[in-house]
Protein chains: 2
Amino acid sequence: MSTPPLAAARRATITDVAREAGTGKTSISRYLNGEMSVLSPELRARIEAAIERLDYQPNQMARGLKRGRNRLIGMLLADLTNPYTVEVLQGVEAACHALGLMPLICHAANEVEMERRYLQLLTTYRVEGVIVNALGVREETLRPVGEGGIPAVLVDRSVEGLVADMVGLDNRAAAELGTRHLLDNGFDDIWFVVQPFEQVSSRQLREAAFREVMNGESGKRDLGGTGGAMGKSGEGGKGGEGGARGHTLVLNLAEPAAVERALAELDRAIDAAGGPGAAVSSATEHTARGATDHAAGNTLASATHSATRNTRRIALFAANAPVALCLALHLKARYGADWQARVALLSIDDPEWAELTGVTTIRQPTYEIGYRAVEFLHERIEGVQTTARDCLLPGELIVRASTLR
Amino acid sequence: MSTPPLAAARRATITDVAREAGTGKTSISRYLNGEMSVLSPELRARIEAAIERLDYQPNQMARGLKRGRNRLIGMLLADLTNPYTVEVLQGVEAACHALGLMPLICHAANEVEMERRYLQLLTTYRVEGVIVNALGVREETLRPVGEGGIPAVLVDRSVEGLVADMVGLDNRAAAELGTRHLLDNGFDDIWFVVQPFEQVSSRQLREAAFREVMNGESGKRDLGGTGGAMGKSGEGGKGGEGGARGHTLVLNLAEPAAVERALAELDRAIDAAGGPGAAVSSATEHTARGATDHAAGNTLASATHSATRNTRRIALFAANAPVALCLALHLKARYGADWQARVALLSIDDPEWAELTGVTTIRQPTYEIGYRAVEFLHERIEGVQTTARDCLLPGELIVRASTLR
DNA sequence: CTGTTAGCGCCTTCAG
DNA sequence: CTGAAGGCGCTAACAG
């Protein structure tokens, strides 16, 4: 249409527009707020023209200052590196867009100190609410939030001592779904691999559900509470009808040394279980590889592959994508490109490489999680007072080659 | 330390603090701005106490309104789905943190309309500057930005008609690096696969550099300008010493039908080239796969693998990660898990699945790109007036199995 | 050293 | 229907 004047050094203010339109600031304000019915068509036209001419854009900061609400919400992210986070973010973006909110995105990068600092900053900007994907530690740093403080909704994980709306995956159901799938496909030695879970509710729930299913499967042996009492690797159930065994392995991705140790334990189990290609040198370096590497050791192995198996079938159940990636990388380095013939992998989360590598996953409704979170928050901002709500969304099992016989 | 009072329904203002401390607002303001030298230790202590008692936090909005700067910068992202974007974002976050800036992150999700809308919104919030990873189309929607408008720095791609600082990969060098690597490893039939590049400078540069190298390699045949004149798939050079052939294949990821067509063309070329496993049924469905799938057809192929090759060696050079993923998925579906024995893949960008699948990549210094972008912007905000600068950072070749013989 | 006085850009009574 | 006046929370001259 009409070419706007070259962006002024100083942006036009409501006063400028008023002068330009030959009227008072009040009318301009009314126009901006859509109170058209109270403006004569004539005045309205003049205002319209003036705004156009000056390329005027109301200052949100000033409006916010005056009315006490600035349409800003904070989005506190524990880890942008996790694909899950990015996906949730998209749902958040979309919902904000739809509701006229503007998200201030903050990335704590797994550091409590950052989380604290950002929360402070958000407060300072007077955001009307926050969506928190907490680091999961103590509620201490999250004090300014929630009841009494600024409206908040938690994503993926709840924080003890903080009552607020929560939206995330139905962890129990998802873990059960995955475990059952593995069991149904004949795996009788399942390792649930998870990051330290004492502090993170979602991990806790997943692990607990896994153990429960395994216990049921192995003839109802007891195992005590749900706490993180069992250290690095706890035995799930043994014996029982199918004799299915369940283990929990903690993989602290933040600690290379710990990762190494945990993986070593896993390796031992895998080697012990035997299985196809068991004879292959475990030292298959993937740096100085020969041209035959791809099919190395598999030529023979594949022959017995579909035959009756008399060894235990090991499966790894990764609690989330980062864990799955770590496992996959390790297995590939250790057993070569054909590692999947050796051990099955199933993961909660559905990273982009899952399809490529044929790994079975349980996809979280990430987009919807983000979307719902914003909706909840919006309601709170609008004054809804109901008690804290939980919104548990179901995961979807996506079966791929990795867990099929 | 001392337990802050339960967050007040209404946050304390500077006036409250002044009253509480028994002094004027000015002193409080001075305290907030660190003008300690002008405050008596006694007053200072009282202020400190009052602030603590009231859990006072200055209102950024109000400060911004007054001083005309709010420390907010906009970050306009074309596509959060691209890992590249997320990585750059981390650099941005870090730099903002260091410089006391607060980034408002906006995701255009590849829609021009969104981009326009967000830019508008950012303007409305009076951000002091913007970092733009433009969609790359016309400069039209980016008019309010750059010279005369609000300070801006471009990331990854420049926009015609918009003079502003730019920071991104040294595309020419990167494409050359990749092409040379393939050539050096004996590939004599190279397909550069890229998304529509007329509008996106970085893609253009990569493609052009690729063609140049290939031309040089094939005996300096001409090829005309750098424009996108050659439609869907242009022939690079043919003949020449090694007889290396170069092709450019456009993959419009936004158009499933176009993708299908382009991939079909690629398939034909691959099939024609023969190579290991050429006899394998190209209809290898990966859904209903048998247990032998993994090594299918490779048992024999690997025997001739390292032997003298009398067929052309095809390599795919993906211009970025999304393209590489698309290619990999397709190839895997078509040639099975062992697709890499059939065709080599090299990609600019280093997605997390590259290591897992052993794909050679050229890693962009994403973190640094983001960091530098903020630094540039900060300088501009502080008033630096030099002519538009370009910061081209080098890519790093990460050799993996995919491109080795 | 400290307080008083004006606004920043906008919205909101409250009178015309 | 329209405009003038006052104030949101804070800073920036000016006076003491």
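No experiment lies behind these values; they were computed from the predicted model shown. Chain letters run A, B, ... following the sequence lines, proteins first and then strands; every chain starts at 1.
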Undergrad: Please give, in whole Å, the distance from dC11(C) P to R69(A) CZ?
TA: 14 Å
Undergrad: Does E48(A) pair with R44(A) as a salt bridge, N-O distance under 4.0 Å?
TA: no
Undergrad: Under a 3.5 Å cutoff on both atom distances, Watson-Crick or G-U, what's the dot-bracket for DNA chain C ([ ] crossing, | other strand)?
TA: ||||.|||||||||||
Undergrad: For nucleotides 13-16 of chain D, tabulate all protein N/O to nucleotide N/O atom pairs closer than 3.5 Å, reporting atom names and distance.
TA:
none

Undergrad: Which whole-number value in Å describes the distance from E35(B) CD to dA12(D) P?
TA: 8 Å
Undergrad: Polar atoms only, N or O, under 3.5 Å: list the protein pairs with nucleotides 6-10 of chain C and their distances.
TA:
| unit_1 | atom_1 | unit_2 | atom_2 | d |
| --- | --- | --- | --- | --- |
| dG7(C) | N2 | K66(B) | NZ | 2.7 |
| dG7(C) | N3 | K66(B) | NZ | 2.9 |
| dC8(C) | O2 | K66(B) | N | 3.4 |
| dC10(C) | OP1 | Y56(A) | OH | 2.6 |
| dC10(C) | OP1 | N59(A) | N | 2.8 |
| dC10(C) | OP2 | I14(A) | N | 2.3 |
| dC10(C) | OP2 | Y56(A) | OH | 3.4 |
| dC10(C) | N4 | K25(A) | NZ | 2.9 |

Undergrad: Categorize I28(B) for me: base, sugar-phosphate, or nothing, with a 4.0 angstrom heavy-atom threshold over every strand shown.
TA: nothing
Undergrad: I need the minimum non-hydrogen distance between V159(A) and L154(A), along with the two atoms involved.
TA: N-CD2, 3.8 Å
Undergrad: In whole Å, I'd like the distance from the OH atom of Y31(B) to the P atom of dC10(D).
TA: 15 Å
Undergrad: Working to the nearest 0.5 Å, report the span between CG of L72(A) and CG of L104(A).
TA: 4.0 Å
Undergrad: What do the steps show when you test L142(B) against L119(B) for side chain to side chain contact (heavy atoms under 4.5 Å, CB included), and what is the final call?
TA: CA-CA 8 Å; L142(B) 260 28; L119(B) 210 50; 3.7 Å; yes
Undergrad: Taking the basic N atoms (NZ, or NE/NH1/NH2) and the acidic carboxylate oxygens, is any pair closer than 4.0 Å for R380(B) and E375(B)?
TA: no
Undergrad: Could you tell me the separation between the CE atom of M61(B) and the C1' atom of dC11(C), rounded to a whole number of Å?
TA: 17 Å
Undergrad: Go through K25(B) and T15(B) one step at a time and tell me if the side chain to side chain contact (heavy atoms under 4.5 Å, CB included) criterion holds.
TA: CA-CA 6 Å; K25(B) 303 195 295 180; T15(B) 309; 3.6 Å; yes
Undergrad: Just how far, in rounded Å, is P of dT2(C) from CZ of R44(B)?
TA: 11 Å
Undergrad: Give the intermediate values and the outcome of side chain to side chain contact (heavy atoms under 4.5 Å, CB included) for residues H107(A) and D79(A).
TA: CA-CA 7 Å; H107(A) 181 206; D79(A) 181 15; 4.2 Å; yes
Undergrad: Between atom CZ in R19(A) and atom P in dG3(D), what is the gap in whole Å?
TA: 15 Å
Undergrad: With side-chain hydrogen bond (donor to acceptor under 3.5 Å, both in side chains) as the test, pick out the partner of T141(A) among Q120(A), E113(A), E115(A), R116(A).
TA: E115(A)
Undergrad: Mark yes or no: R11(A) above the aromatic ring of Y56(A), with NZ or CZ under 6.0 Å from the six-membered ring centre and no more than 45 degrees from the axis.
TA: no
Undergrad: Could you go step by step and tell me if L99(A) and V374(A) meet the side chain to side chain contact (heavy atoms under 4.5 Å, CB included) rule?
TA: CA-CA 9 Å; L99(A) 295 172; V374(A) 174; 3.9 Å; yes
Undergrad: Nearest-Å distance, CG (L39(B)) to C1' (dG3(C))?
TA: 12 Å
Undergrad: Provide, to the nearest angstrom, the distance between the CD atom belonging to E20(B) and the P atom belonging to dG9(D).
TA: 16 Å
Undergrad: Could you walk me through whether Y118(B) and E93(A) pass side-chain hydrogen bond (donor to acceptor under 3.5 Å, both in side chains), step by step?
TA: CA-CA 11 Å; Y118(B) 269 128; E93(A) 284 268 356; 2.7 Å; yes
Undergrad: Using the C1' atom in both, what is the distance from dG6(D) to dT5(C), to the nearest Å?
TA: 15 Å
